[in-house]
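Worth knowing before you read on, the calculation uses all heavy atoms, side chains too, and leaves out hydrogens, waters and symmetry mates. Along the sequence shown, residues are numbered consecutively beginning with 1.
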Amino acid sequence: MAMVPAAIILPHLDPNDARPLHEQVASAIRRAIGEGSYMQGDRLPSARDLADTLGINANTVLRALRVLRDERLLEFRRGRGVSVARHADGRALLRERAREFLKESQRYGYGLEDVIALLRELA
């Protein structure tokens, strides 16, 4: 079981993002699992180490980890820390990216119909 460095998550946090930090952390870890940076069985750094590396509160990281545990992507084991329980499926990763895209579109004043029209243009 390999320990994956916290630095993998760093490029995915955006201080200008309107989402709460715990959601950003959960999204970054979810994305890293979906893209193969974290594999099934890999152990994550401790919440404290992640928080220190990311410059955020450890409780924020713990909240994100609990979200991912509830999604069954992570498992918590006493004395062994947090590890990846399973690989995120592509649909879950795509859903997360679509959610981010919709939120970004809304920030620029585009509604759902505008986004659908844009996607139809690209298809």
Side-chain angles (χ1 to χ4, degrees):
M1 189 172 354
M3 170 78 82
V4 179
I8 289 175
I9 299 170
L10 287 174
H12 300 293
L13 292 183
D14 179 4
N16 299 318
D17 193 326
R19 293 178 300 161
L21 279 177
H22 78 277
E23 288 181 19
Q24 290 186 54
V25 172
S27 292
I29 295 171
R30 192 181 296 111
R31 186 179 306 117
I33 293 170
E35 293 173 349
S37 298
Y38 289 138
M39 302 302 290
Q40 186 171 355
D42 284 346
R43 202 176 67 189
L44 274 65
S46 71
R48 186 175 314 281
D49 287 346
L50 283 170
D52 289 345
T53 301
L54 297 169
I56 60 177
N57 187 291
N59 287 325
T60 301
V61 173
L62 285 169
R63 188 170 178 191
L65 296 176
R66 284 192 294 269
V67 167
L68 297 174
R69 178 199 57 201
D70 293 347
E71 292 175 11
R72 296 190 175 123
L73 285 176
L74 300 179
E75 61 183 8
F76 293 24
R77 291 192 177 175
R78 186 176 298 273
R80 292 172 139 194
V82 178
S83 60
V84 177
R86 64 179 177 81
H87 190 273
D89 67 10
R91 186 172 175 86
L93 182 60
L94 185 58
R95 183 180 299 119
E96 179 61 31
R97 287 184 178 169
R99 185 177 296 120
E100 291 171 7
F101 178 63
L102 284 172
K103 286 182 181 182
E104 186 71 16
S105 299
Q106 290 170 349
R107 280 185 238 167
Y108 287 100
Y110 293 97
L112 179 60
E113 295 305 317
D114 299 317
V115 171
I116 291 170
L118 175 64
L119 290 172
R120 285 194 175 124
E121 286 175 22
L122 297 173

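- Here the shortest heavy-atom pairing between A26 and A64 reads N-CB, 3.7 Å.
- The two residues S83 and G41 come nearest to each other via the heavy atoms CB-O, 4.1 Å.
- With values rounded to the nearest 0.5 angstrom, E113 atom CD is found 12.5 Å from L118 atom CG.
- Sorted by first and then second residue, the side chain to side chain donor-acceptor pair (under 3.5 Å) pairs with a member in residues 66-76 read R30-E71, E75-R77; sequence neighbours excluded.
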Report the C-alpha distance between L50 and V25 in whole Å, list the side-chain angles of each, state the deciding distance to 0.1 Å, and finish with yes or no for side-chain contact (heavy atoms from CB on, under 4.5 Å).
CA-CA 10 Å; L50 283 170; V25 172; 5.9 Å; no
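- Here CZ of R63 is found 12.5 Å from CG of L68. Values are rounded to the nearest 0.5 Å.
- Cluster partners of V67 are absent, since no Ile, Leu, Val, Met, Phe, Trp or Tyr has side-chain heavy atoms less than 4.5 Å from it.
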Output, in order, the C-alpha distance, side-chain angles, deciding distance and verdict of side-chain contact (heavy atoms from CB on, under 4.5 Å) for L73 and V84.
CA-CA 6 Å; L73 285 176; V84 177; 6.0 Å; no
Step-by-step side-chain contact (heavy atoms from CB on, under 4.5 Å) determination, I29 to L65:
CA-CA 9 Å; I29 295 171; L65 296 176; 3.8 Å; yes
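- Expressed to the nearest 0.5 Å, how far CZ of F76 lies from CG of L62 amounts to 7.0 Å.
- Within the model, atoms CG of N57 and OG1 of T60 stand 4.5 Å from one another, a figure rounded to the nearest 0.5 Å.
- In this structure, the side chain of S27 engages the main chain of E23 through a donor-acceptor pair within 3.5 Å.
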N/O donor to acceptor pairs below 3.5 angstrom from side-chain atoms of residues 100-111, sequence neighbours left out:
unit_1	atom_1	unit_2	atom_2	d
E100	OE1	R31	NH2	3.0
E100	OE2	R31	NH2	2.7
E104	OE1	R107	NH1	3.1
S105	OG	F101	O	2.8

